[in-house]
Amino acid sequence: MKQPDFFKNIEKYNDVFEEWKDMPEFMQEDLTPYHAINIRFRNSQDMEEFAKLVDQKVTKKTKTIWFPFLPFRRASRFKYVKES
């Protein structure tokens, strides 16, 4: 079985900056938190009480929350589509 030749047309990709020519400028918003803490609960009642205090859903599977609540934002839903 012959291995695919991934680099046979490499010359057309040599000028990477040419691919970005005339593209709109993109500035990535800083989404890092100001501060993060790790909270430990002795039991489920303590966890439920905390969830009520912050008015958010907190379960055993919850890894992170934003306070105040901030909906999940995913940049991967954006994509560049060439019109031609």
Side-chain angles (χ1 to χ4, degrees):
M1 183 165 139
K2 184 180 178 204
Q3 183 174 355
D5 189 0
F6 294 110
F7 301 104
K8 68 180 179 183
N9 294 321
I10 193 79
E11 61 277 352
K12 72 179 182 180
Y13 299 107
N14 281 343
D15 191 0
V16 175
F17 294 106
E18 190 63 29
E19 290 290 322
W20 291 98
K21 188 176 178 184
D22 299 324
M23 290 286 288
E25 186 173 345
F26 174 76
M27 297 297 291
Q28 176 65 52
E29 178 185 354
D30 183 6
L31 301 177
T32 56
Y34 167 74
H35 185 68
I37 59 174
N38 185 359
I39 300 174
R40 299 171 193 266
F41 302 104
R42 288 177 292 201
N43 52 50
S44 63
Q45 291 82 14
D46 290 349
M47 187 175 70
E48 291 168 11
E49 184 177 342
F50 175 78
K52 288 177 189 172
L53 287 171
V54 296
D55 193 26
Q56 294 191 49
K57 181 180 178 182
V58 179
T59 70
K60 288 179 80 173
K61 292 185 177 184
T62 302
K63 299 288 183 202
T64 62
I65 61 171
W66 280 94
F67 184 83
F69 176 76
L70 185 66
F72 182 72
R73 299 187 292 180
R74 175 173 282 157
S76 63
R77 65 188 167 100
F78 300 109
K79 59 185 173 184
Y80 171 75
V81 178
K82 192 172 182 178
E83 292 187 22
S84 60

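We count residues from 1, following the sequence as given. Computed from heavy atoms alone, side chains included, the values below leave out hydrogens, waters and symmetry copies.
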Could you check whether atom CG of Asp55 has more than 12 heavy atoms from other residues, nucleotides or ligands sitting under 6.0 Å from it? no
For Gln28 and Leu31, work out which heavy atoms get closest and say how close. NE2-CD1, 4.2 Å
Which residues pass the side-chain hydrogen bond (donor to acceptor under 3.5 Å, both in side chains) test with Thr64, not counting sequence neighbours? none
Can you confirm whether Glu49 is buried at CD, in the sense that more than 12 heavy atoms of other residues, nucleotides or ligands lie under 6.0 Å from that atom? no
ILVMFWY cluster membership beyond Ile37 - transitive side-chain contacts under 4.5 angstrom: Ile39, Phe41, Met47, Phe50, Val54, Val58, Ile65, Phe67
What residues form a salt bridge (charged side-chain N to carboxylate O under 4.0 Å, His left out) with Arg40, not counting sequence neighbours? none
